[in-house]
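Just follow the structure's listing: the first ligand is 1, and inside any ligand the first atom is 1.
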Amino acid sequence: MKRQTIRTIIFLATISLVGIIATQYFWVKNAYNLEEKQFNERVHIALSNVSHQLLNINKDESQLINPVKQISSNYFIAIINDTVHPYLLETLLKNEFTTRNLNIDFEYVIYDCFTDSVVFGDYISLDSEDKNQLQSKSFNIVWDRDGHYFGVYFPSKRSYIINEMGIWIFSSSIILVIIIFFAYTINVILKQKRLSEIKNDFINNITHEFKTPISTISLSSEVLLQPNIANDPERLKNYAQIIKDENNRLKNQVDKVLQLATLEIDKLKLENELIDLHEIINETVKSFDLIIERQQGKITTMLGAKKSQIVGDRVHISNILFNLIDNAIKYSPEHPKIEISTDNYFSGIEITVKDKGIGISKENQKHVFEKFYRVPTGNVHNVKGFGLGLNYVKTIVMAYNGKIKVSSKENEGTTFTVKLPFNT
Ligand code: ATP
Ligand code: MG
């Protein structure tokens, strides 16, 4: 799949998801408002009924016009201007709420209209457990006060309404699951895409690396097959040498890929001998003299570690340095300037290899130690490689319980820091 296609799919899918979420939000909000409206209406009717019943019981002939007022979202008052006995009020309220299917805890308070102060209040739970509770505290009250109004407060109104919206909670949860699933799928697609890019890059590199020696060998063997070549032993020897050299190069490449690609930490055979890191660094740097000279670059060493001996495998440790310096040269466009330094930390040696090359972006830094990973450069193959070097370096460093990290800025340069414990 093309990058552009994937982007379009992700974009469209995200837009549709945002649409679905917005619609869902709109409907849930509407449903909540409707549910709340119904709740308020039922409470209105219930309180109004209770008020009328109270007047009937008191044999009061006065007419009540709109006795119930909603003061806030969960607080209602009913003005009856008559005596209210708390226990009677509580019983009537419970009855009304139960018949109207309003199974919600509430608090009621009785006010004195003259002083506007609370004269009685209680919290009533309609839970089945509480139903069997001891008698209400209002039961034994002797009541001789006149001129009252009462208020009813629903502390858990919001959660009660949300509980009533079961189907909406269910559909919202399904949408949430869809979103999680979607994010997961996108993640898998992107991962697969990256894997296939890495695979293509690798195949391209291999082809590139192998094509040159193969065609050289083919050309040389054609020369050797010419009938009169035996008359010119010098030429014959030259071509035979070319075939041998190219064959060696091919063999080394294949060996490298086969060895590094199948490298596993637990199958590594590491010699453990006392080695001097500074000596190895100097030797490795020397092996690059020719290339550095040709590219008019410079490798500076600042070997500051006081204690430079560690226990390790000479070949693998020098390979670590070889790979880091090789990268530093390969990824510096011209005149590579490389600094190698060492220092001691409390239980080992820290080596840094610093270049002023093309650098690695933050995103790519996360992946450079992965097998076959090369920073994508489109289809440009000016720098050859299989993406195996750093993976190998990391494997060896880990085998010695060391640490490796990279810090880099694009177009400014890269620093690799390796920490190797003394292991003595
Ligand atoms: P090889 O297997 O031959 O070493 P390689 O150099 O491509 O191939 P690694 O050494 O594993 O593979 O490096 C992985 C990638 O990290 C490189 O392709 C390159 O894009 C990036 N990289 C590594 N070192 C540097 C550096 N010093 N500066 C900039 N980019 C680097
Ligand atoms: Mg490399």
Contact between W168 and Y32 at the side-chain level, heavy atoms closer than 4.5 Å - yes or no? no
If waters are left out, how many protein N/O/S atoms lie within less than 2.8 Å of the Mg ion (ligand 2)? 1
For atom 16 (O) of ligand 1, what is the closest protein heavy atom, and at what distance to 0.1 Å? V368 CG1, 3.3 Å
Identity and separation of the nearest protein heavy atom to atom 5 (P) of ligand 1: Y331 OH, 3.4 Å
For V375, counting its heavy atoms only, list the atoms of ligand 1 lying under 4.0 Å from any of them. 18 (O), 20 (O), 21 (C)
Once rounded to the nearest 0.5 Å, what's the spacing between atom CD of Q309 and atom CG of N423? 13.5 Å
Interatomic distance, CG@L321 vs CD1@I281, rounded to 0.5 Å, equals 5.5 Å
Give a yes/no on ligand 1: does G357 have at least one heavy atom closer than 4.0 angstrom to it? no
Which one holds for D355 and ligand 1: side chain close, backbone close, both close, or neither close, with close meaning a heavy atom under 4.0 Å? side chain
Among protein heavy atoms, which sits nearest to atom 10 (O) of ligand 1, and what does the distance come to when rounded to 0.1 Å? N327 ND2, 2.8 Å
Protein contact of atom 14 (C) of ligand 1 - nearest heavy atom, named by residue and atom, plus distance: Y373 O, 3.3 Å
When the ring centroid of F150 is compared with that of Y111, is the distance short of 6.0 Å? no
Identify, for atom 7 (O) of ligand 1, the protein heavy atom at the shortest distance, and state residue, atom and that distance. R374 NE, 2.6 Å
Would you kindly say whether N204 and T207 are connected by a side-chain donor-acceptor distance under 3.5 Å? no
What part of T414, side chain from CB on, backbone N/CA/C/O, both or neither, has a heavy atom under 4.0 Å from ligand 1? side chain
So which heavy atom in the protein is nearest atom 13 (O) of ligand 1, and how far is it from that ligand atom? L390 CD1, 3.6 Å
Is it the side chain (CB and beyond), the backbone, both or neither of I360 that lies under 4.0 Å from ligand 1, heavy atoms counted? side chain
With side-chain contact (heavy atoms from CB on, under 4.5 Å) as the criterion, how do I161 and M165 come out once you've worked through the C-alpha distance, each side chain's angles and the decisive distance to 0.1 Å? CA-CA 7 Å; I161 292 180; M165 294 171 49; 4.2 Å; yes
Provide the closest heavy-atom pair for N40 versus S73 in the form atom of the first, atom of the second, distance. OD1-O, 4.2 Å
For atom 2 (O) of ligand 1, closest protein heavy-atom neighbour: L388 N, 2.8 Å
Backbone or side chain, does any N or O of K256 fall under 3.5 Å from an N or O of ligand 1? yes
Decide whether T342 and E350 meet the rule of one side-chain donor and one side-chain acceptor closer than 3.5 Å. no
Test of understanding: given a 4.0 Å heavy-atom threshold, classify the contact between F416 and ligand 1 as side chain, backbone, both, or neither. side chain
Roughly how far, to the nearest 0.5 Å, is the NZ atom of K337 from the CD1 atom of I329? 12.5 Å
Just going by heavy-atom distances, which of G359, G387, S332, G389 is nearest to atom 8 (O) of ligand 1? G387
Could you tell me if the ring centre of F39 sits under 6.0 Å from that of Y160? yes
Between N319 and Y392, is there a side-chain donor-acceptor contact under 3.5 Å, judged purely by atom types and distance? yes
Exactly one of N247, D255, N248 should register a side-chain hydrogen bond (donor to acceptor under 3.5 Å, both in side chains) with K251. Which one does? D255
Are F322 and F288 close enough that their ring centers fall under 6.0 Å? yes
